[in-house]
Amino acid sequence: EPEVTQTPSHQVTQMGQEVILRCVPISNHLYFYWYRQILGQKVEFLVSFYNNEISEKSEIFDDRFSVERPDGSNFTLKIRSTKLEDSAMYFCASSLNAGAQDGYTFGSGTRLTVV
Amino acid sequence: QQPVQSPQAVILREGEDAVINCSSSKALYSVHWYRQKHGEAPVFLMILLKGGEQKGHDKISASFNEKKQQSSLYLTASQLSYSGTYFCGTEFTGNQFYFGTGTSLTVIP
């Protein structure tokens with residue numbers, strides 16, 4: 001079963017530092033996403049990415065956040081000047097088509113803790 | 001815009017049935033259902049695209065009403081492995097996907 005791989009599984013960073021969360025989506029998928037889930041709360045959309053550019057982003061995805069697909073396989077989320085409230089589980093997801101008619105495949109997540 | 005789920009939490013004994021509802025104030029393009037176990041990623045269960053559609057596999061099925069504003073997930077003869085948090089989700093426009101508020105399901109022996 002193809003899967004989405006995320007690294008690292010846990011990341012602890014000091015407030016104000018930059019972090020990069022990495023994801024390897026399923027190889028034939030074309031649409032890529034980042035979501036976050038604060039402990040015990042709902043899963044929140046951050047950004048969608050297609051054809052090497054952002055398709056949509058939410059209000060959470062402010063100018064401290066950026067995404068990149070540097071080499072055709074990795075899909076990264078960078079957070080600059082991290083804040084305590086960035087602490088959450090970050091999930092990468094991918095889908096074959098727009099509208100995700102076959103559903104989204106999620107990675108197992110990166111737990112980010114900002115201290 | 002976030003779909004609202006009910007109930008927020010339910011506890012079942014093995015073999016009992018459950019229904020989880022997902023409602024929106026506006027018509028949905030589609031509705032997805034996911035299950036998330038504690039500390040793990042959400043896992044896709046199924047998607048419904050058409051008003052009036054019903055779909056299912058094994059003992060888990062779902063329906064989408066004609067107006068496409070409400071979906072229900074049906075779990076019959078529940079098993080311990082069904083425990084987790086169930087999320088509906090939908091797209092209103094483009095690629096921005098909204099998860100519902102979630103329903104915690106606990107199956108006990």
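Computed over heavy atoms, backbone and side chain alike; hydrogens, waters and symmetry mates excluded. Quick caveat: nothing in here was measured; it's all calculated off a predicted structure. Per chain, numbering begins at 1; letters A, B, ... match sequence-line order.
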Donor-acceptor contacts under 3.5 Å from residues 84-94 of chain A side chains, at least two apart:
residue	atom	partner	partner atom	Å
A:Asp86	OD1	A:Arg64	NH2	2.9
A:Asp86	OD2	A:Arg64	NH1	2.8
A:Asp86	OD2	A:Arg64	NH2	3.4
A:Asp86	OD2	A:Lys83	N	2.8
A:Ser87	OG	A:Leu84	O	3.0
A:Ser87	OG	A:Val114	N	2.8
A:Tyr90	OH	A:Asp86	O	2.7
A:Ser94	OG	A:His29	ND1	2.7

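With a threshold of 4.5 angstrom between heavy atoms, A:Ser58 approaches chain B through its backbone and through its side chain.
B:Lys50 NZ: 12 or fewer foreign heavy atoms inside a 6.0 Å radius. Counting heavy-atom neighbours within 6.0 Å of B:Ile11 CD1, excluding the residue itself, gives a total of 12 or less.
Under a 4.0 Å N-O distance rule, the pair A:Glu18/A:Arg80 does not qualify as a salt bridge.
To the nearest 0.5 Å, atoms OG (B:Ser71) and NZ (B:Lys55) are separated by 11.0 Å.
With respect to chain B, the highest number of heavy-atom pairs below 4.5 Å among A:Lys57, A:Arg111, A:Gln37 belongs to A:Gln37. Between chain A and the options B:Gln36, B:His38, B:Glu40, heavy-atom pairs under 4.5 Å are most frequent for B:Gln36.
In the model, B:Ser72 has a side-chain atom that pairs as donor or acceptor with a side-chain atom of B:Asn21 under 3.5 Å.
Inter-residue side-chain proximity for A:Phe65 and A:Ile79 is flagged as met; some heavy-atom pair is nearer than 4.5 Å.
Proximity to chain A among residues 99-106 of chain B is limited to B:Phe99, B:Gly100, judged by heavy-atom separations below 4.5 angstrom.
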